[in-house]
Number of protein chains: 2
Amino acid sequence: MAAIAPKEGVKDAILDATDRLLARYGYRKMTVEDIAHEAGIGKGTIYLHFTSKEEVVLSHVDRIVERLKERLREIGSSGAPAAERLRLMLIARVMFRFDSIQHYTQSLNDLLAALRPGLLSRRAIYFEAEAQIFAEVLANGRSSGEFVFDDEQVTAHAMLQATNGLLPYSLSTTELGERQEVEQRTADVADLILRGLIGRK
Amino acid sequence: MAAIAPKEGVKDAILDATDRLLARYGYRKMTVEDIAHEAGIGKGTIYLHFTSKEEVVLSHVDRIVERLKERLREIGSSGAPAAERLRLMLIARVMFRFDSIQHYTQSLNDLLAALRPGLLSRRAIYFEAEAQIFAEVLANGRSSGEFVFDDEQVTAHAMLQATNGLLPYSLSTTELGERQEVEQRTADVADLILRGLIGRK
DNA sequence: CTGCTGACCAAATTCGAATTTCAGTCACAT
DNA sequence: ATGTGACTGAAATTCGAATTTGGTCAGCAG
């Protein structure tokens, strides 16, 4: 048989098997032997294509991200206005990950369980209270003619959501990072958001 | 001695002690006896003011959020233009939490350790690659006169940061929530962002 | 009498040794 | 030359005993 063609086929078969097993069992419970069995090959064969179990799973994630990037480029090169393309790309990015993350549901639930349940339930209350304060300033800016927007509740929520990814308890911010750095990122996002509110001259 | 005055003082003393111990030991390692000792009172006294250890800590967080809200209102009622006030409020919100979160550094690190380290290191790479695709569409929109902005790299990063909080692996999104709901939130944030890019007529 | 306390108890957590599981290797089969 | 699964050491899991800790309450100090 050809040397490269079947090799590549096997590699994909391993990743496909990983995909299914990850969804079913999660990283911890899935063993390398499971993957081999699901892919219909011997355990040793996996180590001809990957250096470790972790490498297999990371390659699997790489493949997902590669597909996302493909989808983003697809949308990005369509004929629609740039604003519409970006809008669709942003939504696609979040929803693509939303759909892929099902695999990690178990681990995510474990993570969330480690936080105090009481804290989680108060988050929503804090969020609302803060949004209220922002909404008032928004309404204030609109009545003075400085801003143009439809609904101050929706706008306030979106503003806070947009900066939530910068909060230190967000896992998006992989490590906390330097204070200075976080502040700069926040300022960039704030500027981006606020430009949209200021009335057209 | 007076009945109410010292009582309130004690409540604050308990929360102050909690603040210091939380910073030093984190929730798990801090015992109720520790709090009592640090506050210079008996263990039983704590249960005259709070129903449980968890209640003590949640009250402590409530107090922090209350202070943040105070600060937000302060900025919100200053004489500056609304856009500037909102800008400062957004930054204050993120940085206030950044500073308060030090208490949870230990628990956060535990949480992060539970994730695959390799995954964390690839996050930055994925982020850059996706940002690149967005930057191209941005540049595209600018050269066609549709958009107005300074730096497409900075803008692309800010756009992705702004939607990062909506990603399911973000703890900001306390529970994953319904797909439909996540999509709506994402669309709201995307609209907010894009309004700022579209050239003034 | 009132407000506070720390000894006490049940439940949770920790510890450590015994046991099991599993990622990764390699001698051998095909 | 390619693929395999029995094997190995390290890591994870189990489990029961020992320890710790959240929460209570009888009694003490003021």
Side-chain angles (χ1 to χ4, degrees), chain A residues 1-18 20-22 24-61 106-107 110-111 113-119, chain B residues 1-18 20-22 24-61 106-107 110-111 113-119:
Chain A
M1 292 291 163
I4 294 170
K7 248 186 187 169
E8 286 315 302
V10 171
K11 200 157 182 168
D12 270 337
I14 293 171
L15 294 182
D16 289 343
T18 303
R20 288 191 293 275
L21 293 176
L22 225 37
R24 218 177 306 155
Y25 302 118
Y27 183 83
R28 293 285 296 265
K29 287 190 189 170
M30 172 185 71
T31 75
V32 174
E33 215 154 353
D34 288 341
I35 299 174
H37 181 77
E38 176 81 17
I41 57 175
K43 185 171 153 186
T45 307
I46 288 176
Y47 289 88
L48 297 177
H49 296 275
F50 301 96
T51 62
S52 67
K53 177 186 175 184
E54 180 157 350
E55 249 299 296
V56 174
V57 174
L58 289 178
S59 293
H60 164 248
V61 176
Q106 191 50 54
S107 346
D110 291 349
L111 283 179
L115 292 176
R116 298 279 107 199
L119 196 56
Chain B
M1 293 291 163
I4 294 170
K7 249 188 187 171
E8 287 313 302
V10 170
K11 200 157 184 169
D12 270 336
I14 294 170
L15 294 181
D16 289 343
T18 303
R20 288 190 293 274
L21 294 175
L22 225 38
R24 219 179 303 158
Y25 303 117
Y27 183 84
R28 295 286 297 266
K29 287 189 189 171
M30 171 186 72
T31 73
V32 175
E33 214 154 355
D34 288 341
I35 300 174
H37 182 77
E38 176 80 17
I41 56 174
K43 187 171 143 182
T45 306
I46 289 176
Y47 290 87
L48 296 178
H49 297 275
F50 301 95
T51 62
S52 68
K53 177 185 176 185
E54 181 157 347
E55 248 299 298
V56 174
V57 174
L58 290 177
S59 293
H60 164 247
V61 176
Q106 192 51 51
S107 348
D110 292 349
L111 282 178
L115 293 176
R116 299 279 106 198
L119 196 56

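Naming convention: chains lettered A, B, ... in sequence-line order (proteins, then strands); numbering from 1 in each chain.
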Asker: Looking for any heavy atom pair under 4.0 Å, which part of the strands does B/S52 touch: base, sugar-phosphate only, or nothing?
Answerer: sugar-phosphate
Asker: Below 3.5 Å between N/O atoms, which protein atoms pair up with nucleotides 5-10 of chain C? Just atom names and distances, please.
Answerer:
from  : atom 1 : to    : atom 2 : distance (Å)
C/dT5 : OP2    : B/G42 : N      : 2.9
C/dT5 : OP2    : B/T45 : OG1    : 2.2

Asker: Any chance you could measure A/D12, atom CG, to A/H49, atom NE2, to the nearest 0.5 Å?
Answerer: 10.5 Å
Asker: Separation of A/K11 atom NZ from D/dG3 atom P, in whole Å?
Answerer: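 It works out to 13 Å between those atoms.
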Asker: Measuring from atom CD1 of A/I46 to atom CD of A/E33, what distance do you get when rounded to the nearest 0.5 angstrom?
Answerer: 9.5 Å
Asker: B/E55 CD to D/dT24 P: how many Å, rounded?
Answerer: 13 Å
Asker: Measure across B/F50 and B/S59 and return the closest heavy-atom pair with its distance rounded to 0.1 Å.
Answerer: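 Closest pair (atom of B/F50, atom of B/S59, distance): CE2-OG, 3.5 Å.
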Asker: Drop me the distance from B/I14's CD1 to B/I35's CD1, to the nearest 0.5 angstrom.
Answerer: 8.0 Å
Asker: Mind listing the closest non-hydrogen atom pair of A/Y25 and A/K29 along with its distance?
Answerer: O-CB, 3.6 Å
Asker: Say you draw a straight line from CG of B/L22 to NE2 of B/H60; how long is it, rounded to the nearest 0.5 Å?
Answerer: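 The NE2 atom of B/H60 is 6.0 Å from CG of B/L22, to the nearest 0.5 Å.
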Asker: What integer distance in Å separates B/D34:CG from D/dG23:P?
Answerer: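 After rounding, the reported distance stands at 14 Å.
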Asker: Please state how far atom CD1 in A/I35 lies from atom C1' in C/dC22, giving the value in whole angstrom units.
Answerer: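 Those two atoms, CD1 and C1', are 12 Å apart.
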Asker: Can you check the A/Y27 OH to C/dT21 P distance for me, whole Å?
Answerer: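 After rounding, the reported distance stands at 19 Å.
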Asker: Might you list the N or O atoms of the protein lying below 3.5 Å from N or O atoms in nucleotides 9-13 of chain D, with each pair's distance?
Answerer:
from   : atom 1 : to    : atom 2 : distance (Å)
D/dT13 : OP1    : A/R28 : NH2    : 3.0
D/dT13 : OP2    : A/R28 : NH2    : 3.4

Asker: Mind calculating the distance between NE2 (A/H49) and P (D/dT2) to the nearest angstrom?
Answerer: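 It is 10 Å, rounded to the nearest whole Å.
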Asker: Taking all non-hydrogen atoms of both residues into account, name the closest pair between A/A13 and A/A39 and its distance.
Answerer: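 What the structure gives for the nearest pair is O-CB, 4.0 Å.
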Asker: Keeping B/K53 on the side-chain end and B/Y27 on the backbone end, is there a donor-acceptor pair under 3.5 Å?
Answerer: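 Confirmed, B/K53 side chain pairs with B/Y27 backbone.
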Asker: In whole angstrom, what separates A/K53's NZ from C/dT21's C1'?
Answerer: 11 Å
Asker: Atom CD of A/E38 and atom OG1 of A/T31: how far apart are they, to the nearest 0.5 Å?
Answerer: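 OG1 of A/T31 is found 11.0 Å from CD of A/E38.
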